Enquirer: 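Following this message is one structure expressed as structure tokens.
In what follows, chains carry the letters A, B, and so on, assigned in the order in which the sequence lines appear, proteins first and then strands, with residues in each chain numbered from 1. Because the structure is a prediction, the values reported are computed rather than measured.
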Amino acid sequence: MSEAKLHLTRDTLLGLLHQMTRVRRFEEKCDELYQVEKIRGFLHLAIGEEAISTAVMAALTAEDAVVATYREHGHALVRGVPMRAVMAEMYGKQEGVSRGRGGSMHLFSAAHRFYGGYAIVGGGLPLAGGLALADKMQHKSCVTACFFGEGAAAEGEFHETMNLAALWKLPILFVCENNLYAMGTRLDFSESQTDIHAKAQSYRMASESVDGMDVVAVDAAASRALAAIRAGDGPQFLECKTYRFRAHSMFDPQLYRTKAEVEEWKTRDPIPRLANWMREAGMLHDRDAEKIEAEVTAEVDDAVAFAEAGAWEPVETLTRDVTAEAAP
Amino acid sequence: MSEITYREACREAIRDALKRDPRVFLMGEDVGHYGGCYAVSKGLLDEFGPERIRDTPLSESGFTGLGIGAAMNGMRPIVEIMTVNFALLALDQIVNNAATIRHMSGGQFGVPLVIRMATGAGRQLAAQHSHSLEGWFAHIPGLKILAPATLEDARGMLWTALEDPDPVLIFEHVMLYGVAGTLAADAGPVPIDKAAVRRPGKDVSLITYGGSLPKALKAAEALAAEKIEAEVIDLRTLRPLDDATIMASLAKTRRAVIVDEDWRSGSLSAEISARIMEQAFWNLDAPVARVCSAEVPIPYPRHLEEAALPQVPAIVAAAKQVVG
């Protein structure tokens, strides 16, 4: 664990542990619900990667904006989007955060400046640049946090956005969640330069690589980067090295990696890692851990009950929200 | 009234928008220091400065996406893409993001973005700068597609498009930029939801838009000399199509010729023909005819380019055939 955590209070650390646990238990429940066909379509779990979204969201303010990918349940939850509305969206119910129209991959919440989950790899980057451009042109001090996987670094939109953001000094934090596999293609099978944060430097953008399994290290790095952006230093790039413990989606037999590799990474699981460290430091007791688990279980159960009780949108409303006009 | 070119009318529309609304800015390749590939934005950089007249790198997907994000966050960007062929590099942003975000977000976010681009052939620019792909974009729910063919529309459609809460694409035909005429001194915003009858007639409807409108009007003139009164309909808006104006014209003329510089296979002209079948079949006295581009990438030599495109004699011949 990094030195930075020494400056964090017990309450802050408990909060991080609570958020990571929420995301973990929510996604485990989604996995169960998928098996019983309550959730359909694609379901991309970020189990193992929770430290990144948890830490970055903790470092943002409510005025900042967030753009995420199709693996964004945790990002929405930690950002403050109610779990009920997220779960109802997983079901496709009209009480869902996107009225059920988006599903797992397209969570949006205007109230939280959560500008969406985008399912074309790299496609969220230019849009995030535009959010940041608008903030800058309107002389607002907000930052846009843009999450993407390392697979996006192979897309032209990555290059175009990096260049534009650096050229125009846009207030944007690029957060690369490098889980080593673009679906099933290992990083060194797809990139000539596997050091992703070095790519950012080629645009003269400040960048840092951090252990994405260490929530405190990510928090510290994100806070540093955000301070630099707010000071007017332009965009910053954070590469967080992480690992996806589960399959890419629910249709993935994981032929591209060994069980041993997965097990090895599980020893770095960010949740027990933080919990164990806190225990050793005397900041986490059994009753704290039990309390977190109990609260999270209750919240997840409540979210499931809410989604179950939700309504299917009437088919008569099928064509609403295509353009601004009311549906016929 | 003042003498003005289509290009100047486009420029006046941009200038007017920049003056009306501090949220409006223009962004695209060579719109600033160069003055615009087709000189539409010439002089605007000096007048409005580099914050609002933004030269971009050659990153069509990047700056189109920036326009989408800026539009979602309180600005009213005008993105200029040099030519429709280049817009293919921004298809991901236009089709996967701009057109879907309102729906995917359950109505929480809209994209009030205007994208202008040049379209069409006639300048011997060969097969990567001459195509008419607006029909592709008109295929996509969530987009509005405009094709100003007159000075009034070049001057007036932009502001209305900027006031629209959804993404609007404006296609300016390259052969129209130099067209000169008179425009009322108080010319301003025009509606963007109706087709226009540019010349009334009772014998045949020539249905067209954009760069083909002047050709259709010339054909109508030639037909008049042969006692055939052609009605010329300028679609103006390609999505949503103004079916009512088309069908009202057909109720009168009972014959239709669709003139479109796009290819005919899987095209907007096919869509219009299908709608006529669905809505006006029993009014027809003849099969719908189409005058479209030859199914060939637009070639460079002038005589072959001209042969590939809809021309006045072909329109006249098609009209005479359906009139019988």
Side-chain angles (χ1 to χ4, degrees), chain A residues 65 67 89 94 96-103 105-111 113-120 122-138 140 142 144 146 155-165 167-168 170 313 319-325, chain B residues 22-25 27 50-52 54-77 79 89-93 95-113 140-144 164-168 193 239-240:
Chain A
V67 171
E89 189 65 31
Q94 69 178 13
V97 70
S98 306
R99 290 190 71 86
R101 298 299 176 111
M105 298 190 284
H106 305 301
L107 304 174
F108 287 80
S109 179
R113 293 204 79 203
F114 193 82
Y115 282 88
Y118 294 91
I120 308 296
L125 274 77
L127 185 150
L131 296 174
L133 174 64
D135 280 335
K136 182 172 176 155
M137 290 183 79
Q138 294 170 101
K140 294 178 183 168
C142 331
T144 297
C146 177
E155 295 282 1
E157 290 180 322
F158 172 89
H159 163 66
E160 294 187 11
T161 309
M162 289 294 122
N163 181 48
L164 269 160
L167 183 70
W168 289 354
L170 300 180
E313 238 187 318
T319 58
R320 68 172 283 158
D321 296 330
V322 177
T323 53
E325 291 82 12
Chain B
R23 300 173 302 172
V24 171
F25 67 101
M27 171 164 64
E51 271 283 295
R52 301 185 73 196
R54 288 182 170 260
D55 277 323
T56 66
L58 309 188
S59 303
E60 286 82 1
S61 199
F63 65 75
T64 302
L66 256 69
I68 293 167
M72 291 169 79
N73 192 16
M75 301 300 283
R76 290 293 180 275
V79 166
L89 295 165
L91 270 184
D92 173 47
Q93 290 302 319
V95 178
N96 286 322
N97 282 348
T100 62
I101 282 169
R102 182 178 296 284
H103 190 78
M104 283 198 305
S105 70
Q108 293 180 81
F109 293 104
V111 183
L113 168 69
I140 308 296
L143 302 180
K144 290 181 183 167
D164 196 284
D166 291 303
V168 180
D193 57 351
R239 184 183 185 99

Enquirer: Give the C-alpha distance, both sets of side-chain angles, the deciding distance and a yes or no for side chain to side chain donor-acceptor pair (under 3.5 Å) between Glu160(A) and Ser61(B).
Expert: CA-CA 8 Å; Glu160(A) 294 187 11; Ser61(B) 199; 4.6 Å; no
Enquirer: Could I get the full list of side-chain contact (heavy atoms from CB on, under 4.5 Å) partners for Ala99(B), not counting sequence neighbours?
Expert: Ile140(B), Leu143(B)
Enquirer: Got a sec, which residues hit side-chain contact (heavy atoms from CB on, under 4.5 Å) with Ala110(A), two or more places apart in sequence or on another chain?
Expert: Gln108(B), Phe109(B)
Enquirer: Counting heavy-atom pairs under 4.5 Å to chain B, which of Gly122(A), Gly129(A), Ser109(A) comes out on top?
Expert: Ser109(A)
Enquirer: Check whether any side-chain N or O of Asn97(B) sits under 3.5 Å from a backbone N or O of Gly123(A) as a donor-acceptor pair, and report yes or no.
Expert: yes
Enquirer: Taking all heavy atoms of Leu66(B) and all of Pro126(A), pick out the closest pair and write down the distance.
Expert: CD1-O, 3.2 Å
Enquirer: For chain A, find which of Ile101(B), Ile68(B), Thr64(B), Val111(B) contributes the most heavy-atom pairs closer than 4.5 angstrom.
Expert: Ile101(B)
Enquirer: Using modelled atom types and a 3.5 Å cut-off, is there a donor and acceptor pairing between side-chain atoms of His103(B) and backbone atoms of Arg320(A)?
Expert: yes
Enquirer: Any side-chain heavy atom of Thr100(B) within less than 4.5 Å of one from Tyr118(A)?
Expert: no
Enquirer: Could you look at Asp166(B) and say if it's the side chain, the backbone, both or neither that has a heavy atom under 4.5 Å from chain A?
Expert: side chain
Enquirer: Quick one: what part of Phe114(A) sits under 4.5 Å from any heavy atom of chain B, side chain, backbone, both or neither?
Expert: backbone
Enquirer: When only pairs under 4.5 Å are counted, which of Ala128(A), Gly116(A), Ala165(A), Ala134(A) shares the most heavy-atom pairs with chain B?
Expert: Ala134(A)
Enquirer: Rounded to the nearest 0.5 Å, how far apart are CG of Leu58(B) and CG of Asn163(A)?
Expert: 10.0 Å
Enquirer: Ignoring hydrogens, what is the shortest heavy-atom contact between Pro165(B) and Ala324(A)? Give both atom names and the distance.
Expert: CG-CB, 3.3 Å
Enquirer: Met72(B), Arg102(B), Met75(B): which one forms the most heavy-atom pairs within less than 4.5 Å of chain A?
Expert: Arg102(B)
Enquirer: What heavy-atom pair brings Gly69(B) and Leu131(A) nearest, and what distance separates the two atoms?
Expert: O-CD2, 3.2 Å
Enquirer: In terms of heavy-atom pairs under 4.5 Å, which option from Gln93(B), Met27(B), Glu60(B), Lys144(B) contacts chain A the most?
Expert: Gln93(B)
Enquirer: Report the option among Thr144(A), Leu167(A), Leu133(A) that has the most heavy-atom pairs separated by less than 4.5 Å from atoms of chain B.
Expert: Leu133(A)
Enquirer: Sort out for me which residue in Arg113(A), Lys140(A), Gln138(A) forms a side chain to side chain donor-acceptor pair (under 3.5 Å) with Asn73(B).
Expert: Arg113(A)
Enquirer: Quick check for you: to the nearest 0.5 Å, what is the distance between Asp321(A) atom CG and Ser105(B) atom OG?
Expert: 7.0 Å
Enquirer: side-chain contact (heavy atoms from CB on, under 4.5 Å) between Trp168(A) and Thr56(B): does it pass, once the steps are laid out?
Expert: CA-CA 10 Å; Trp168(A) 289 354; Thr56(B) 66; 3.9 Å; yes
